[in-house]
**Student:** 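Starting off with a structure, shown below.
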Amino acid sequence: MSAGLQAEDFTCNGHVEFGIPAQADQYLCRDGYAVGYDYQTKNPAWVAYHITGDGVSIRNRRSNSFKPDKTIPSQYRANLSDYSKSGYDRGHMAPSATMDYTPKAGKESFLLTNMAPQLPGLNRNGWRFLEKEIREWAVDHSELYVVTGPIYYGGPSKYIGDGVAVPDAFFKVVFDPLAFNAIAFISPHQKISKADLTSFITTVDHVEQVTDMDFNQLLSKNYENTMESTQWSLSDW
DNA sequence: TTTGATGT
């Protein structure tokens with residue numbers, strides 16, 4: 001993306017059609033997702049992606065080719081060595097299995113600007129289940145907008161490698177633009193199971209309070225206020 | 001594991 005593009009003009013293939021969640025140091029646009037990147041943490045502040053039921057049903061082979069993102073200035077860029085032997089996974093924000101409707105989109109999901117340090121006990125357990133659930137919801141709901149990212153309570157305090165911040169928690173906001181419903185999650189950064197997930201459902205309002213972001217800000221405020229204060233259960237959504 | 005990663 002050109003350096004001169006203003007945030008308000010950044011819609012990125014429709015991934016942030018309803019407005020960027022927060023200003024960022026650098027905006028990145030890929031086929032499958034949009035990123036607001038944070039220089040201080042060397043992580044994405046948010047990753048937004050629009051998915052359809054048709055798209056998530058198309059699968060291509062997982063690339064597993066993790067790569068540093070050379071569009072980020074080197075002093076702010078995460079590298080493979082930062083994660084190596086850290087004990088943390090390179091945790092996808094926009095999941096590979098959700099992005100793999102084309103080989104190119106799938107490969108792009110392996111850029112480190114789509115990653116944050118994530119404990120295997122989260123990434124490979126409860127979080128993975130949530131990602132799978134969202135793919136199934138995309139089929140049921142026809143299309144969804146998802147925003148996900150890290151949370152640092154009181155600011156970043158723990159790092160791996162050369163200054164890649166370890167999040168305290170992760171959020172997900174899932175918005176159905178046809179039904180005008182939204183469900184949200186905040187998961188602590190710890191081992192969680194599929195069964196634990198239901199206890200981490202919250203409202204979009206709460207995620208906005210914790211992250212200081214604004215989701216779906218371009219929607220009618222009437223819709224937004226109702227939608228963002230609704231607490232869902234997994235079975236009703 | 002048809003997912004999501006690590007280490008050799």
Side-chain angles (χ1 to χ4, degrees), chain A residues 28 30-33 35 41-44 46-69 77-141 144 146-151 158-174 183 185-198 200 234:
Chain A
L28 309 167
R30 311 293 177 203
D31 283 8
Y33 62 95
V35 178
T41 57
K42 296 189 178 182
N43 285 326
W46 49 262
V47 175
Y49 52 99
H50 174 239
I51 51 176
T52 65
D54 289 344
V56 299
S57 303
I58 301 170
R59 308 303 303 272
N60 282 281
R61 194 167 59 189
R62 182 181 167 98
S63 102
N64 265 352
S65 181
F66 294 88
K67 285 191 167 61
D69 191 330
R77 186 191 307 157
N79 290 294
L80 299 175
S81 57
D82 295 321
Y83 283 86
S84 177
K85 296 176 180 159
S86 68
Y88 290 86
D89 282 354
R90 297 167 289 203
H92 282 70
M93 297 294 100
S96 168
T98 308
M99 298 289 110
D100 63 359
Y101 43 83
T102 67
K104 178 168 178 273
K107 279 186 68 173
E108 285 178 346
S109 82
F110 283 85
L111 290 164
L112 291 189
T113 40
N114 182 41
M115 307 288 167
Q118 211 168 37
L119 289 169
L122 176 63
N123 188 35
R124 307 177 190 191
N125 290 302
W127 196 255
R128 178 176 60 170
F129 171 73
L130 176 57
E131 291 167 340
K132 184 170 186 288
E133 280 281 284
I134 292 172
R135 285 192 289 278
E136 292 170 4
W137 294 342
V139 175
D140 295 340
H141 294 244
L144 294 172
V146 183
V147 185
T148 188
I151 296 171
K158 180 177 180 176
Y159 299 87
I160 58 171
D162 184 16
V164 177
V166 177
D168 295 317
F170 293 89
F171 71 88
K172 266 191 194 292
V173 169
V174 182
I183 188 170
F185 298 82
I186 293 179
S187 169
H189 195 174
Q190 63 190 43
K191 180 176 183 178
I192 70 163
S193 70
K194 173 179 175 176
D196 295 331
L197 206 59
T198 181
F200 301 127
L234 274 185

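None of these values were measured; they are calculated from a predicted model.
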**Student:** Starting from P on B:dT6, measure out to CG on A:L112 and report it in whole angstrom.
**Tutor:**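 Between P of B:dT6 and CG of A:L112: 10 Å.
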**Student:** Roughly how many Å is it from CZ in A:F129 to C1' in B:dT1, rounded to a whole number?
**Tutor:**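 Spelled out: CZ on A:F129 to C1' on B:dT1 is 14 Å.
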**Student:** When you check the side-chain N and O atoms of A:S193 and A:D196, is any donor under 3.5 Å from an acceptor?
**Tutor:** yes
**Student:** Side chain of A:D89, heavy atoms from C-beta onward: which of B:dT6, B:dT8, B:dG4 has the nearest atom to it?
**Tutor:**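 Closest of the options to the side chain of A:D89: B:dT6.
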**Student:** Can you figure out which of B:dT6, B:dG7, B:dG4 approaches the side chain of A:F66 most closely?
**Tutor:** B:dT6
**Student:** Once you round it to whole Å, what is the distance between P of B:dT6 and CG of A:L122?
**Tutor:** 14 Å
**Student:** Sequence neighbours left out, what pairs pass ring pair (Phe, Tyr, Trp, His ring centres under 6.0 Å) with at least one residue falling in residues 101-123 of chain A?
**Tutor:**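 Ring pair (Phe, Tyr, Trp, His ring centres under 6.0 Å) check on residues 101-123 of chain A returns A:F66-A:F110, A:H92-A:F110.
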**Student:** Take atom CZ of A:R124 and atom P of B:dT6, then tell me their distance rounded to the nearest Å.
**Tutor:** 6 Å
**Student:** Separation of A:R59 atom CZ from B:dT2 atom P, in whole Å?
**Tutor:** 10 Å
**Student:** Please check if atom NZ in A:K107 has more than 12 non-hydrogen atoms from other residues, nucleotides or ligands closer than 6.0 Å.
**Tutor:** no
**Student:** Looking at B:dG4, I'd like to know if its phosphate oxygens (OP1 or OP2) sit under 4.0 Å from a side-chain N or O belonging to A:R135.
**Tutor:** yes
**Student:** Going by the rule side chain to side chain contact (heavy atoms under 4.5 Å, CB included), which residues pair with A:D89 if we only count those two or more places apart in sequence or in a different chain?
**Tutor:** A:P120, A:N123, A:R124
**Student:** Hey, are A:E108 and A:K104 close enough for a salt bridge, meaning a charged N less than 4.0 Å from a carboxylate O?
**Tutor:** yes
**Student:** Nearest whole angstrom, please: distance from the P of B:dG4 to the CD1 of A:I134.
**Tutor:**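 About 11 Å, once rounded to whole Å.
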**Student:** Whole angstrom is fine here: how far is it from CE in A:M99 over to C1' in B:dG4?
**Tutor:** 15 Å
**Student:** Taking the nucleotide of DNA chain B with the closest heavy atom to each, which residue, A:S86 or A:S96, is nearer the 5' end?
**Tutor:**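 Whichever sits nearer the 5' end wins; that is A:S96.
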**Student:** If you look at every strand shown and take non-hydrogen atoms under 4.0 Å, does A:K85 touch a base, only sugar-phosphate, or nothing?
**Tutor:**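 Sugar-phosphate only.
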**Student:** Looking at A:N123, I'd like to know whether one of its side-chain N or O atoms comes within less than 4.0 Å of OP1 or OP2 on B:dG4.
**Tutor:** no
**Student:** Using a 4.0 Å heavy-atom cut-off across all strands, classify A:Y88 as base, sugar-phosphate, or nothing.
**Tutor:**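 Here A:Y88 touches the backbone only, sparing every base.
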**Student:** With a cut-off of less than 4.0 Å, is there a side-chain N or O of A:R62 near OP1 or OP2 of B:dA5?
**Tutor:** yes
**Student:** With C1' as the reference atom in both, quote the distance from B:dT1 to B:dA5 in angstrom, rounded to an integer.
**Tutor:** 13 Å
**Student:** CG of A:N114 versus C1' of B:dG4: gap in Å, rounded?
**Tutor:** 13 Å
**Student:** Kindly say if A:R90 contacts the phosphate of B:dG4, meaning a side-chain N or O under 4.0 Å from OP1 or OP2.
**Tutor:** no
